[in-house]
Number of protein chains: 2
Amino acid sequence: MSDRSRPTLATVAALAEVAPSTASLVFSGSTRVAPATRERVLAAAAELGYAGPDPVARSLRSRRSGVVGAVIGERLASAFNDPVAVQLLDGVTEVLSPLGVGLLLLPGDADRSGPTLAQLAHVPLDAVVYATCGLEDDPALDHLRRRGVPVVAVDGPRVDDVVFVGIQDRRGTVELARHLAGLGHHRVAVVAMPLRLDGTRGPVSPERRARTHYREVRERVLGVEEVLGAVPVWETAANAVEEGERAGRVLLDVPLADRPTAVVAQSDVLAAGVLRAAAGLGLRVPEDVSVAGFDGAELPWLPPVRLTTVAQPTAEKGRVAGRAVIDLVAGRRPDDVVLDVRLSVGTTTGPAPR
Amino acid sequence: MSDRSRPTLATVAALAEVAPSTASLVFSGSTRVAPATRERVLAAAAELGYAGPDPVARSLRSRRSGVVGAVIGERLASAFNDPVAVQLLDGVTEVLSPLGVGLLLLPGDADRSGPTLAQLAHVPLDAVVYATCGLEDDPALDHLRRRGVPVVAVDGPRVDDVVFVGIQDRRGTVELARHLAGLGHHRVAVVAMPLRLDGTRGPVSPERRARTHYREVRERVLGVEEVLGAVPVWETAANAVEEGERAGRVLLDVPLADRPTAVVAQSDVLAAGVLRAAAGLGLRVPEDVSVAGFDGAELPWLPPVRLTTVAQPTAEKGRVAGRAVIDLVAGRRPDDVVLDVRLSVGTTTGPAPR
DNA sequence: TCACCCTATCGAATCGATTCGACTCCGCCC
DNA sequence: GGGCGGAGTCGAATCGATTCGATAGGGTGA
């Protein structure tokens, strides 16, 4: 590691015998500089091994850091086990990367569902995307507001000065429930994603349900009930296959008379777990029990079935969020966006057994 | 959005009737400031809605941005479908997050396996971790060197001024191969992760093999051959279940005499695909064919088998890399680290059929 | 030949903090 | 009472670029 300090724009300018401002013009790609001068500056830069203007100094002046935060509620390993979260972020980067804007991960830790203020406060941010687990009362929101960092919330929260990008959660589950009702299902159970991030799992009481933290979780239950009336809801502790399997075992390993004829999982990952549970209990799908999911995720490891699900345009949702970020950084205020979903009937739902 | 410019440290200092330098002292948590003064400054800050010192300005002076880049070769969706990559990054953040340091994702795109220079050049970086797909001839390495950004390479590349953190790839596959040899396997095939990121799949020619881009891929083949002699290697186009299944079908759907008695996959994800292929072909594991993987990853959706595999401490590898980053940023030069691996015999390997 | 305009370059202010040496009190000790 | 030391505060330089108004010089048209 050379101890001599690295060359700066001023060093380069001096060697090229031009003013620093001129050298700056060269690197900013301005056309208003004579080719000969440009050459001289670039040659000087090459000679000194100058790697281009310091991003930090540039940011200070231009009020842009090229960094966009991505809030992923839980810790990394949990969040990225969810293929939907991954696809969403992939969509975001697809839009942002070509502009030289990077995504900074802001995970929570075991306790908190969002990033700590210490994390937020020290890092330069042009904008923030709430990619998962957006809470309306997140103290981070207030901090970002004060710093003037614009926020895009995917699937929630819906707050005044935050741009919302989401899907028709309600309509999706309404259609799914109609599909099930049409097949004669009356005893339907819902396997829900976490209502809050406190590690709770089990049947959901009305009190707990009233304190649901996440918009889409609430909406997806309401959609089912809009068609089928009140249904039992089983909460999982995480959006993961194991949790779905666990829930499935509890719901399905009961006397026939009590067993739901259909299980609606709030995500495909949970549905995959329910399918495993059914298989483990020797139940045939859909003859003995129908299973449906949500997302339309690609799960290449799924057994050779086509899951009945509500397909959402996850990657597109990410791209929309990415574009919203671009607009906000440019000073425009984009409209909220709600994307369409589509019922995708597969082989895991069938007529209710009698 | 209020149009008035946001308060700065100077504004706060003025309101509190102290010098900006004193106000700075307050926010840096210095003890050398009188409690009464501190109160006055904090009160002024609260009144103005000042969210704390601007991270960018702070970075300029302190030469720290609090941002560490994570190079993930492919695009996000591909990289994060790999549970090992996820666990690795989780380990990195576990160490970095508490220090208020954030991870910035640097994905490649369809064509390039690393981040583009445009991405790198515009973003502030204290250090970079090559999390996957480290190439020795990556032009980004040169750029980072010139900028004075220290680099930690996980699993590779091994380059002079880059800190290496890896595992005993070779010894792991040697032990695995010995295990198989002990069970009487002689006809063994390897399903390899991509040798280069060019979408190639199929049998590997000696020429192509010589041009293997990734250290660990090369080493893991050599380990097998060290014990079993030359083996056929089948390259996949990506480290994904579908690719493993595809490879498995080709390798196993042949006359019995040509069929390998054991398949060594270079990752558990690929092994899972091979298992699916075997199941699809009606082959019993391990009676008809043995299957082994690498990583010791948690695949909760795996059929109820325990995969024979080489377990590596992935999360610990991430933590070690994280600590190396901390050292480098502090100006220390940590040693390279090579972590132990352990053969984990499961239920997917058994005596070779005769 | 002169006024004018355009192009290429330059100077200086600015972005918002940090940092270190200097300075001012004030109390204490001799 | 004078000198000394330490606590608390302040000034000014600095980090490395960007940006805009100013300027010099050369070419054009009348």
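Note that this is a predicted model, so its numbers are computed, not measured. Numbers restart at 1 for each chain; the letters A, B, ... are given by sequence-line order, proteins then strands.
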Practice prompt. Could you please name the option among C:dA17, C:dT9, C:dT19 that lies closest to any side-chain atom of B:Leu25?
Written response: C:dT19
Worksheet entry | Side-chain N,O (B:Ser24) to OP1/OP2 (C:dT18) below 4.0 Å | yes
Discussion item. Closest approach to the side chain of B:Tyr50, judged atom by atom: which nucleotide of C:dA17, D:dC10, C:dT9 is it?
Written reply: C:dA17
Worksheet item: Does B:Arg75 come within less than 4.0 Å of A:Asp90, counting only side-chain N to carboxylate O?
Response: yes
Worksheet entry | Value in whole Å for how far the P atom of C:dA17 lies from CZ of B:Arg6 | 12 Å
Discussion item. Under 4.0 Å between a side-chain nitrogen and a carboxylate oxygen: does that hold for B:Arg63 and A:Asp54?
Written reply: yes
Practice prompt. Salt-bridge test for A:Asp161 and A:Arg145: reply yes if a basic N is under 4.0 Å from a carboxylate O, no otherwise.
Written response: yes
Worksheet item: Are A:Thr22 and C:dC10 close enough that a side-chain N or O sits under 4.0 Å from OP1 or OP2?
Response: yes
Could you list all N or O pairs between the protein and nucleotides 13-15 of chain C that sit under 3.5 Å apart?
residue : atom : partner : partner atom : Å
C:dT14  : O2   : A:Arg61 : NE           : 3.2

Worksheet item: Below 4.0 angstrom from OP1 or OP2 of C:dA17, is there any side-chain N or O of B:Thr8?
Response: yes
Discussion item. From CZ of B:Phe27 over to C1' of C:dA17, roughly how many Å is that when rounded to an integer?
Written reply: 12 Å
Item to complete: Return yes when atom CG of B:Asp335 has more than 12 non-hydrogen atoms of other residues, nucleotides or ligands closer than 6.0 Å, and no otherwise.
Response: no
Practice prompt. For the pair A:Arg40 and A:Glu17, find out whether any cationic side-chain nitrogen is under 4.0 Å from an anionic carboxylate oxygen.
Written response: no
Worksheet item: Is any NZ, NE, NH1 or NH2 atom of the basic residue among A:Arg158 and A:Asp155 found under 4.0 Å from an Asp or Glu carboxylate oxygen of the other?
Response: no
Item to complete: Please check the phosphate of D:dG8 (OP1 and OP2 only) for any side-chain N or O of B:Arg32 closer than 4.0 Å.
Response: no
Fill in: Minimum-distance nucleotide to A:Asp54 side chain [options: C:dC10, D:dT18, D:dG16]
D:dG16
Worksheet item: Hey, are B:Arg323 and B:Asp327 close enough for a salt bridge, meaning a charged N less than 4.0 Å from a carboxylate O?
Response: no
Discussion item. Base, sugar-phosphate or nothing for A:Ser62? Non-hydrogen atoms, less than 4.0 Å.
Written reply: nothing
Practice prompt. Determine the contact category for B:Val56: base if any of its heavy atoms lies under 4.0 Å from a base atom, sugar-phosphate if only primed atoms, P, OP1 or OP2 are that close, otherwise nothing.
Written response: nothing
